[in-house]
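Reading through the structure tokens given below for one structure.
Protein chains get the first letters and strands the later ones, always in sequence-line order, with residue 1 at the start of each. The model shown is predicted, which means the values in this text are computed figures rather than measured ones.
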Number of protein chains: 2
Amino acid sequence: MPKRVDHEERRRAIAEALWRIACARGLDGASLRDVAAEAGISLGQLQHYFSSKDEMLVFALKHLGGLAEDRIRARLLGLTGPPSPRDVLRETVMEMLPLDSASRTGNLVQIAYFVRALHDERLRGHAKEGIPALRAFFADQVRAGIARGEVDASRDADAEAMLLIALTDGLTTYLLLEACGPDEAVSLLDGHLDRLFTA
Amino acid sequence: MPKRVDHEERRRAIAEALWRIACARGLDGASLRDVAAEAGISLGQLQHYFSSKDEMLVFALKHLGGLAEDRIRARLLGLTGPPSPRDVLRETVMEMLPLDSASRTGNLVQIAYFVRALHDERLRGHAKEGIPALRAFFADQVRAGIARGEVDASRDADAEAMLLIALTDGLTTYLLLEACGPDEAVSLLDGHLDRLFTA
DNA sequence: TTATTCTCAATACAGCTGACTTGGAAAAGC
DNA sequence: GCTTTTCCAAGTCAGCTGTATTGAGAATAA
């Protein structure tokens, strides 16, 4: 056998090269040759690790989502003391927003996938799969807030969860377009949470 | 001179063919030949009306925005009696959301443009140009609501306007992904407006 | 009629795309 | 040393892309 190579690591490196290109030129502007060049390998080598372009795209999408989840988890673990539901929601949303350039890259790539998913049934499944879990997570936090008396009991936890997700997503759009600054986005979200957590 | 042709009308017909393709396969999947075939004309004829693909894309985008504005204006004029600020906001937002299949098409195309604009400076200008006006329009309605005592005077009209725009945009995303139904989106927005217009 | 100008079809072209094939280098197990 | 398996570089291929060119038909104005 030849030298043993960590396939997963190679695939991750290729996926990250794909992100860089997708971020700069869009997903459709990322040819196999471009990605290979960005990753510093030959086209043949790239095709050795991904037997088709579609396989590469799906892998890169899943890897992206995994890293985002990891970042959120790490951020929540980094909270000092027992976090309140409001803190959990705030930190999660802040991590999702494109407030720094690294997060901006991730969001740009994710949106590129989203748009492709609108016309591609296979990708749509992958794109949608994380939404119910996120929504349930948010709803749980709202319910915890209600239980602690920090949220008015008349609020519908599921509705508030969807509202917060949609708001985050919309702000993401305008942040990426630079039609809205990071400070403004943060203050808008804080204001929204202020009215949700009234106690 | 040969038979006189209404250039603008031809260009509109071509733009609409482009939308149909962009809606089904994405903007990047719309080649000049595809658009010409969809419009029922030859490639040469299409090139006679648009000297470059870029020109066609920009024209189609502006035409799309113009029609959307017209629909909103018509809907507001259709309101019986003097509309309250809340009605104006509600109707405008409802017209923007992809609640029926026609509006869904428009939103799909608009998002395709949005994503391309993220990587294309020329398009970004066109994509952003309508946002400040919309935001100012929404803010004016909120201010009118405050003046009429229907909105709490402590609310920041500009912030509420941005919040509503972002929320609409986020809901649009999840409607298009079918991660959220039309009824739910409407009820979420009504709930949001209920809390804004408290009197 | 004749000339002019508009409309548009056909074709060509260079460049890029994703997929595939071939062949060889390298390293582990025997 | 020899085999076997893995890894990967180079090249080929058909197909599609946007653009440019050429020329023909058609209708108006002289």
Side-chain angles (χ1 to χ4, degrees), chain A residues 1-22 24-61 112-113 115-117 119-123, chain B residues 1-22 24-61 112-113 115-117 119-123:
Chain A
M1 304 168 186
K3 62 181 174 187
R4 303 288 298 281
V5 175
D6 185 336
H7 271 231
E8 276 306 298
E9 185 182 330
R10 292 282 191 155
R11 288 159 77 96
R12 283 194 291 269
I14 293 172
E16 284 158 26
L18 169 62
W19 299 345
R20 288 193 291 275
I21 297 198
R25 280 179 279 161
L27 253 192
D28 299 272
S31 72
L32 292 181
R33 285 167 179 83
D34 291 340
V35 175
E38 174 69 31
I41 62 178
S42 71
L43 172 60
Q45 193 171 352
L46 188 151
Q47 291 186 308
H48 181 70
Y49 291 104
F50 293 107
S51 60
S52 79
K53 184 175 187 178
D54 215 61
E55 189 189 335
M56 178 183 73
L57 290 175
V58 170
F59 176 89
L61 173 61
Y113 274 104
V115 172
R116 181 167 283 225
H119 312 288
D120 180 339
E121 201 167 345
R122 297 232 344 249
L123 266 187
Chain B
M1 304 166 185
K3 61 181 175 188
R4 303 289 299 282
V5 174
D6 184 336
H7 271 231
E8 275 306 299
E9 185 183 328
R10 292 281 190 156
R11 287 158 77 96
R12 283 194 291 269
I14 292 172
E16 285 158 24
L18 169 62
W19 299 346
R20 287 192 292 275
I21 296 199
R25 280 179 278 161
L27 253 193
D28 299 272
S31 73
L32 292 182
R33 286 165 180 82
D34 290 341
V35 175
E38 174 69 31
I41 62 177
S42 72
L43 172 60
Q45 193 170 353
L46 188 151
Q47 290 185 300
H48 181 70
Y49 292 104
F50 293 107
S51 60
S52 78
K53 183 176 187 176
D54 215 63
E55 189 189 335
M56 178 181 73
L57 290 175
V58 171
F59 176 89
L61 174 61
Y113 272 105
V115 172
R116 181 169 283 225
H119 313 287
D120 179 341
E121 201 167 346
R122 299 235 340 254
L123 264 187

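Of the side-chain N and O atoms in B:His7, none sit less than 4.0 angstrom from OP1 or OP2 of C:dC6. Contact between the side-chain N/O atoms of B:Arg10 and the OP1/OP2 oxygens of C:dT7 is not found at any separation under 4.0 Å.
What separates CD of B:Gln45 from P of C:dT11 is a distance of 17 Å, to the nearest Å. Summarising the geometry, the separation between CG on B:Leu46 and C1' on C:dT7 is reported as 14 Å, rounded to the nearest angstrom. Whole-Å rounding puts the B:His48 NE2 to C:dT5 P distance at 15 Å. If you measure from atom CG of B:Asp28 to atom P of D:dC16, you get 17 Å, rounded to the nearest angstrom. Separating the CZ atom of B:Arg25 from the P atom of D:dC16 is a distance of 12 Å, rounded to the nearest angstrom.
A:Glu16 meets the side-chain hydrogen bond (donor to acceptor under 3.5 Å, both in side chains) test with no other residue; sequence neighbours excluded. Taking B:Gln45 as the reference, B:Arg10, B:Ile41, B:Ser42, B:Tyr49 meet the side chain to side chain contact (heavy atoms under 4.5 Å, CB included) condition, with sequence neighbours excluded. Annotation: side chain to side chain contact (heavy atoms under 4.5 Å, CB included) contacts of B:Glu121 (sequence neighbours excluded): B:Arg124. Partners of B:Arg33 under the salt bridge (charged side-chain N to carboxylate O under 4.0 Å, His left out) rule, at least two apart in sequence or in another chain, do not exist in this structure. B:Arg122 meets the salt bridge (charged side-chain N to carboxylate O under 4.0 Å, His left out) test with B:Asp54; sequence neighbours excluded.
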Q.
For a quick check, with a 4.0 angstrom heavy-atom cut-off, what is the B/S/- contact string for nucleotides 17-23 of chain D, read 5' to 3'?
A. BBBB---
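Within 4.0 Å (heavy atoms only), B:Tyr49 reaches sugar-phosphate atoms of the nucleic acid but no base atom.
Residues B:Leu57 and B:Tyr113 share a closest heavy-atom pair of O-OH, 2.6 Å.
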